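All figures in this text were calculated on a predicted structure; none of them were measured in a lab. One-based numbering, in listed order, for ligands and for the atoms of each.
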Amino acid sequence: MNLSRRSFFKQAGAVALPLIAGCAAAGTLTHRVPVQNGKAFVAVADFPELSAVGGAIKLQVEGKKDPIFLIRAEESRYLAFSSVCTHLGCQVRKLPQSFRCPCHGSTYDLEGAVLRGPAQKPMTRFRTEAVDGGVIIF
Ligand code: FES
């Protein structure tokens, strides 16, 4: 797929708008992202957190009930995960080198694999594609 940032915005007619959500306790911001044809475009330049490998942002994608974490895993490889713990559905929190669920302590690595239970399944991952100027989450 060859979709530039500019053409995506033309099609979507929208831009990502930062939103301060109820995550003050976790010290994180949730950014609202519109969806066009089942795809959410994130303009990396708009998020300084994604300027370096290992950076992460929390997104509220239009039409999704729960937030999504977007991680810059490598220079041009991004991972997107549901914030829902696969144990019993609590919201996981992003730590510097992992995700941790506050309910029963499940811990996941930055690839979404279980490091410590009780969760048995990896975090739910969404397909991503790095494109000119950003990342598309499917
Ligand atoms: S709901 Fe996350 S560890 Fe139980």
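- Of the candidates Cys103, Ser106, Gly89, it is Ser106 that places a heavy atom closest to atom 3 (S) of ligand 1.
- Within the coordination shell of atom 4 (Fe) of ligand 1, defined by N, O or S atoms under 2.8 Å, Cys90 is absent.
- A salt bridge links Glu111 to Arg125: one of the charged nitrogens lies within less than 4.0 Å of a carboxylate oxygen.
- For Ser83 (side chain) and Pro67 (main-chain N/O), a donor-acceptor pair under 3.5 Å exists by modelled atom type.
- Residues Phe99 and Asp109 are not in side-chain contact: their nearest non-hydrogen atoms beyond the backbone lie 4.5 Å or more apart.
- Computed with atom 4 (Fe) of ligand 1 at the centre, the His104 ND1 to His87 ND1 angle is 100°, stated to 10 degrees.
- Here the angle at atom 2 (Fe) of ligand 1 defined by SG in Cys101 and SG in Cys85 stands at 110°, rounded to 10 degrees.
- Sulfur atoms SG of Cys103 and Cys90 are positioned under 2.5 Å apart.
- For atom 1 (S) of ligand 1, the nearest protein heavy atom (residue, atom name, distance) is Leu88 N, 3.3 Å.
- Side chain of Arg72 to backbone of Leu50: a donor-acceptor contact under 3.5 angstrom is found.
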